[in-house]
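One structure is given below, encoded as structure tokens.
Because the structure is a prediction, the values reported are computed rather than measured. Side-chain atoms are counted along with the backbone in the values below, which use heavy atoms only and exclude waters and symmetry mates.
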Amino acid sequence: MIHNRNILCISGTEWNGNYIKAVVELMKVLSASNRVLFVENAYTYKDALAGVRDKDKIDFAKAFGLKSRIKTIPTDNGGRVYVLFPPLVFPVNFLPSGLVYNNLLKFNGWLLRRSIKKALKQLEMQHELINFTSFNPGMGVITGRTFNEKTLIYHCYDEIKGAPSWLSKHGLRLEAAFMKMADAVIVTSKGLYESKKDFCKQCFIVKNAVKVDLFRKGFNHTPNHAKMVIGYVGTVDDRSDYDLLQHLFTHMPHAEFVFVGRILSERGEAILKKYPNVKVEGPKAPEQLPAYLQAFSVGIIPFVKDNFTKGIYPMKINEYLAAGLPVVSTNFGDIADFSNLIKITDDKETFLQYVLSEMTEDTPEKRQARLKTAESNTWHRRAEEISAVIERVEEGLK
């Protein structure tokens with residue numbers, strides 16, 4: 001694994017939150033032997049106005065530079081991550097392409113670049129720098145190659161062309177430009193690899209993983225065949241096949257269906273809440289998830305198959321397996337690695353039969369085998385894979 005390096009991670013997300021983020025977990029591992037500056041996705045002035053009504057959303061003192069923007073976060077492995085809260089920027093995604101959009105984007109980039117350079121100098125992280133920009137191609141295009149970085153990496157974990165319109169409107173064009181700039185692109189699935197490989201210098205797959213020590217807390221050695229609890233951990237959004245789900249709800253009236261995660265689709269939430277045997281729990285902190293998994297009989301991944309989902313390597317699959325759960329999934333994308341361990345079908349009747357059979361035929365031996373597979377897919381292992389990619393890329397730059 002790389003060590004004694006300075007890693008600048010310009011992220012498209014925040015450090016904290018009520019769901020597990022791949023880039024955060026990777027930076028935690030890498031922080032054990034490297035110095036890491038994690039730059040959170042910048043809030044806009046529109047977000048700040050919303051924050052007036054929701055004061056927990058934005059730290060205004062940091063937002064306006066009235067106190068240090070840098071927070072030091074200790075990690076479980078003895079490392080520490082410096083998290084930078086950037087200055088507020090102007091909202092631009094709603095604008096059409098053109099002069100106004102381009103100039104505001106450049107100004108936002110100038111604000112971010114100035115804040116990052118100040119932090120890098122303060123932390124003495126200006127040398128041997130790896131710029132690891134994670135799913136933030138707009139800022140990547142504007143700020144990349146401006147920090148005297150040794151290596152510029154684009155980390156892509158979702159398909160922008162299948163993302164919501166506010167992201168894909170400019171994102172596809174900006175991503176294409178940034179991929180040409182970057183020394184390498186790291187993606188999380190075979191679907192993303194096929195989508196990106198022809199538009200960058202070199203492309204590598206480093207898949208998502210699981211916090212085994214956390215999700216193993218939800219492991220039950222012996223299945224309880226007297227109960228039927230079908231669980232889903234993840235975002236309730238438009239990725240789900242609601243026709244398939246409603247088929248399950250109506251044909252398994254005595255089973256309990258539990259959905260745990262953020263609600264991003266009003267339509268999806270309304271459908272789920274129509275059924276008396278469905279519980280919608282909403283978002284939970286990662287530490288709360290093992291208790292839910294411990295109560296599940298089977299975990300499901302009911303995604304539709306489209307341009308967005310084909311690029312997904314779902315973290316939930318390893319989370320289910322770490323808890324020893326049987327898994328039934330649609331054939332939406334990059335899950336071939338698990339074809340001998342889980343049940344996969346796009347047919348709603350077959351999906352129903354798989355859910356029933358996986359619950360009734362579950363055994364302690366099967367549960368142990370699932371856990372063993374999850375134990376080989378840790379974030380530490382993925383950090384090692386990313387380190388190997390960076391070393392290979394840097395060797396080629398000499």
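- With respect to Ser297, the side chain to side chain contact (heavy atoms under 4.5 Å, CB included) criterion is satisfied by exactly one of Val229, Leu325, Asn224, Val355: Val229.
- Salt bridge Glu175/Lys180: absent, no basic N to carboxylate O contact under 4.0 Å.
- By the 30° and 60° cut-offs, the orientation of the rings of Tyr154 relative to Phe178 is perpendicular.
- Under the 3.5 Å distance criterion, with hydrogens and angles disregarded, no donor-acceptor pair is assigned to the side chains of Thr13 and Asn41.
- Using modelled atom types and a 3.5 Å distance limit, the side chains of Asp237 and Thr235 yield no donor-acceptor pair.
- In this structure, Phe38 and Trp15 have perpendicular ring planes: the angle between them is above 60°, well past the 30° mark.
- A salt bridge links Arg381 with Glu385: the closest approach of a Lys/Arg side-chain nitrogen to an acidic carboxylate oxygen falls below 4.0 angstrom.
- The shortest side-chain heavy-atom distance between Asp346 and Phe332 does not fall under the 4.5 Å cut-off.
- Inter-residue side-chain proximity for Phe147 and Leu152 is flagged as unmet; no heavy-atom pair is nearer than 4.5 Å.
- The side-chain heavy atoms of His225 and Met359, taken from C-beta on, include no pair separated by under 4.5 Å.
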Stepwise side chain to side chain donor-acceptor pair (under 3.5 Å) check, Ser195 with Glu159: CA-CA 8 Å; Ser195 175; Glu159 184 57 83; 2.9 Å; yes
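- His3 and Ser33 share no donor-acceptor pair across their side chains, judged by distance under 3.5 Å alone.
- Asn131 and Thr133 share a side-chain donor-acceptor pair at under 3.5 Å.
- Val389 is listed as a side-chain neighbour of Val206, based on a closest heavy-atom distance under 4.5 Å.
- Note: Tyr232 and Phe259 have tilted aromatic rings, judged against thresholds of 30 and 60 degrees for the angle between ring planes.
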